[in-house]
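Predicted model, so just to flag it, every value in this text is computed and none were measured. Whatever order the structure lists ligands and atoms in, that order sets their numbers, starting from 1.
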Amino acid sequence: MTFPLSRSLPRATAIWTRSYGTVQTSPSSASIASKIPQVLQDAVNATAPRTTWTRQEVQQIYETPLSQLTYAASTLHRRFHDPSAIQMCTLMNIKTGGCSEDCSYCAQSSRYTTGLKATKMSPVDDVLAAARIAKANGSTRFCMGAAWRDMRGRKTSLKNVKAMVSGVRDMGMEVCVTLGMIDASQAKELKHAGLTAYNHNLDTSREFYPNVITTRSYDERLATLGNVRDAGINVCSGGILGLGEGDEDRVGLLHTVASLPGHPESFPVNALVPIPGTPLGERKMISFDKLLRTVAAARIVLPATVVRLAAGRISLTEEQQVACFMAGANAVFTGEKMLTTECNGWDEDREMFERWGFYPMKSFERAGDGLAQRVVESVKEKESVKAASA
Ligand code: SAM
Ligand code: DTB
Ligand code: SF4
């Protein structure tokens, strides 16, 4: 189904429909239209997220010529989000290094000599002080990471993490943690403490995953995501680009998240930051067109999700970042540091936002429970109001 051309549509959608949907006026527009797969034309008209994607459909979307793909992504971005609002999230590593896992990209694995000094868990007060600084600098979400495989046998640590979660929530910020694998009861405890979101990345496709990590499986990762979802916590799960994977693996990752029972509320797109001493320490940065293509395809198959520019943003030019925002990315990590690597700072991000007409997203603007359902309802409501006044 295509929307009727009317004032009820955002202008971008109307132009899309005219060019690629019902009216084709010139041979050149017809030849462009022939490169737009039907699945993308349908996706652009969506008013609700769908979880029934086939891998072939995701591949067709991913393979669309980049200029058309970004245009489609931008159209959907405008329907489901305020395209000027970008979420500012600050990270803190609350337990650095000494991790038992063999993730071949990670500075914190004890299996590689990266020069990183392992630390004990940070005291609750220090973490709350850092969250206060993040808030004062404009961040509305605070994410705490720990270099752990899982939370088994970490009762005292969990108690402290819960105190951190409640403390940050009491400041009016969204709060996210990434602690490795968690079971159903740990997820419930974290929910009870006020946790907004849990980050646990699938990283890549199921097929490529064993080339990157051997000490825990893809299915174990999916089980943690299920525990998080069942506890009523928002899911933040994405990937890393530039691990040596191919287009088919980026498609595989997108297909996996887009066909989960509910889409993740947040999809981080990390570009590998090569860490000397790790098996991937010599890899070159993913090419920008592949990064942009992945961002745009994510916006299309996960229309209601916050797409997060994560690791590696520091290596992008300002113009490249803006191209990503225009193709659907709407969150960044900002502040003094990522986990162990450099991060774009608050001041430079604020200046960039001002130059290009973006502003920080408010807390809980996109992160509440039942997000997808609320988006559907508000899109329907807006359309019926506009249709009535047309
Ligand atoms: N230990 C927990 C875990 O693995 O789930 C939480 C921390 S872990 C560092 C969080 C995520 O950061 C990883 O899943 C990975 O996607 C990303 N990451 C880690 N090192 C990275 C690197 N060098 N470049 C890009 N992304 C990286
Ligand atoms: C995510 O997807 N990326 C962030 C956050 N979630 C925890 C972490 C990126 C880490 C980059 C490498 C480092 O700083 O060690
Ligand atoms: Fe450990 Fe997480 Fe790093 Fe893997 S990504 S080595 S689990 S800290």
- Query: Which atoms of ligand 3 are found less than 4.0 Å from any heavy atom of Ala147?
  - Reply: 8 (S)

- State plainly whether the residues Arg55 and Glu207 are in salt-bridge range, i.e. N to O under 4.0 Å. yes

- Query: Between Asp247 and Arg293, does a salt bridge (Lys or Arg N to Asp or Glu O under 4.0 Å) hold up when you go through it step by step?
  - Reply: CA-CA 10 Å; Asp247 286 324; Arg293 184 177 288 285; 6.0 Å; no

- Query: Mind checking whether Trp148 has an N or O less than 3.5 Å away from an N or O of ligand 1?
  - Reply: yes

- Message: Below 4.0 Å, non-hydrogen atoms only: which portion of Cys106 touches ligand 3? Side chain, backbone, both or neither.
- Response: side chain

- Query: What protein heavy atom sits nearest atom 12 (O) of ligand 1, and how far off is it?
  - Reply: Asn201 ND2, 4.4 Å

- Message: Can you confirm, on distance only, whether ligand 1 has an N/O atom lying under 3.5 Å from any N/O atom belonging to Ile275?
- Response: no

- If you measure only the distance, is there a donor-acceptor pair under 3.5 Å linking the side chains of Ser217 and Asp219? no

- Message: Within the 4.5 Å heavy-atom criterion, are Leu253 and Phe267 side-chain neighbours or not?
- Response: yes

- For atom 10 (C) of ligand 1, which candidate among Thr204, Asp150, Thr178, Thr341 holds the nearest heavy atom? Thr178

- Check each atom of ligand 2 against the heavy atoms of Pro268 and keep those under 4.0 Å away; list them by number with element. 2 (O)

- Note on the structure: Quick note on ligand 2: atoms under 4.0 Å from a heavy atom of Phe333 include exactly 3 (N), 4 (C), 5 (C), 6 (N)

- Query: Which ligand 2 atoms does Asn270 reach within 4.0 Å, using its non-hydrogen atoms?
  - Reply: 1 (C), 2 (O), 3 (N), 9 (C)

- Taking atom 5 (O) of ligand 1 as the reference point, the nearest protein heavy atom with its distance: His200 ND1, 3.6 Å

- Query: Nearest to atom 25 (C) of ligand 1, what protein heavy atom do you find, and at what distance?
  - Reply: Ala311 CB, 3.5 Å

- Message: I'd like to know if the side chain of Arg111 pairs up with that of Ser109 as donor and acceptor (distance under 3.5 Å, no hydrogens or angles considered).
- Response: no

- What is the closest protein heavy atom to atom 8 (S) of ligand 1, and at what distance does it sit? Leu339 CD1, 4.3 Å

- Task: Return yes if a side-chain donor-acceptor contact under 3.5 Å exists between Asn93 and Gln108, otherwise no.
- Result: yes

- Give me the ring orientation class for His77 and His81: parallel if the planes are under 30° apart, tilted from 30 to 60°, perpendicular past 60°. perpendicular

- Item | CA sep, side-chain torsions, deciding dist, call: Cys106, Tyr112, side chain to side chain contact (heavy atoms under 4.5 Å, CB included) | CA-CA 9 Å; Cys106 187; Tyr112 316 125; 5.7 Å; no

- Task: For atom 8 (C) of ligand 2, find the nearest protein heavy atom and state the residue, atom name and distance (0.1 Å precision).
- Result: Leu339 CD1, 3.8 Å

- Query: Among protein heavy atoms, which sits nearest to atom 12 (C) of ligand 2, and what does the distance come to when rounded to 0.1 Å?
  - Reply: Thr341 OG1, 3.6 Å

- Message: Please check this pair: side chain of Ser110 against backbone of Cys99, looking for a donor-acceptor N/O pair closer than 3.5 Å.
- Response: yes

- Message: With heavy-atom distances below 4.5 Å as the criterion, would you say the side chains of Glu248 and Ser205 are in contact?
- Response: no

- If you scan protein heavy atoms around atom 3 (C) of ligand 1, the nearest is Arg216 NH2, 3.7 Å

- How far is atom 27 (C) of ligand 1 from its nearest protein heavy atom, and which residue and atom name does that atom have? Ile240 CD1, 3.8 Å

- Query: Under 3.5 Å, is there a donor-acceptor pair linking the side chains of Ser74 and Arg78?
  - Reply: yes

- Does any N or O in the side chain of Thr90 come within less than 3.5 Å of the main-chain N or O of Thr334, such that one atom is a donor and the other an acceptor? yes

- Is atom 3 (Fe) of ligand 3 less than 2.8 Å from at least one N/O/S atom of Cys99? no

- Task: Verify the distance criterion only: is there a donor paired with an acceptor across the side chains of Asp203 and Tyr105 at less than 3.5 Å?
- Result: yes

- Atoms in ligand 3 flagged as close to Tyr105, the criterion being non-hydrogen separation under 4.0 Å: 5 (S)

- Item | atom 24 (N) of ligand 1: the protein heavy-atom neighbour that sits closest, reported with distance to 0.1 Å | Val273 N, 3.0 Å

- Verify the distance criterion only: is there a donor paired with an acceptor across the side chains of Gln38 and Asp42 at less than 3.5 Å? yes

- Item | Atom indices of ligand 2, in the order listed, that fall short of 4.0 Å to a heavy atom of Thr178 | 7 (C)

- Query: Judged by non-hydrogen atoms, does Gly145 sit under 4.0 Å from ligand 1?
  - Reply: no

- A student comparing Ala311, Gly97, Gly312 should find that the heavy atom closest to atom 11 (C) of ligand 2 comes from Ala311

- Task: Give a yes/no verdict on whether any heavy atom in Leu91 is under 4.0 Å from an atom of ligand 2.
- Result: yes

- Message: With respect to Ala310, determine whether any N or O atom, backbone or side chain, lies less than 3.5 Å from an N or O atom of ligand 2.
- Response: no

- Note on the structure: When distances are taken from atom 13 (C) of ligand 1, the protein heavy atom at minimum range is Tyr105 OH, 3.8 Å

- Which residue and non-hydrogen atom of the protein lie closest to atom 15 (O) of ligand 2, and at what distance in Å? Thr340 OG1, 2.6 Å

- Tell me, please: is Tyr105 in heavy-atom contact with ligand 2, that is, under 4.0 Å? no

- Query: Among protein heavy atoms, which lies nearest atom 6 (N) of ligand 2, and at what distance?
  - Reply: Asn199 OD1, 3.2 Å

- Query: Is it the case that more than 12 heavy atoms not belonging to Gln56 sit under 6.0 Å from its CD atom?
  - Reply: no

- Ignoring angles and geometry beyond distance, decide whether Ala146 reaches within less than 3.5 Å of ligand 1 through its nitrogen or oxygen atoms. yes

- Message: Other residues, nucleotides and ligands only: do more than 12 of their heavy atoms fall within 6.0 Å of CD on Glu336?
- Response: no

- Item | Modelled atom types, side-chain donor and acceptor of Arg308 and Ser266, under 3.5 Å | yes

- Task: Answer with side chain, backbone, both or neither: which part of Arg216 has a heavy atom less than 4.0 angstrom from an atom of ligand 3?
- Result: side chain

- Per-atom contacts, ligand 2 versus Asn201 - under 4.0 Å to a heavy atom: 1 (C), 2 (O)

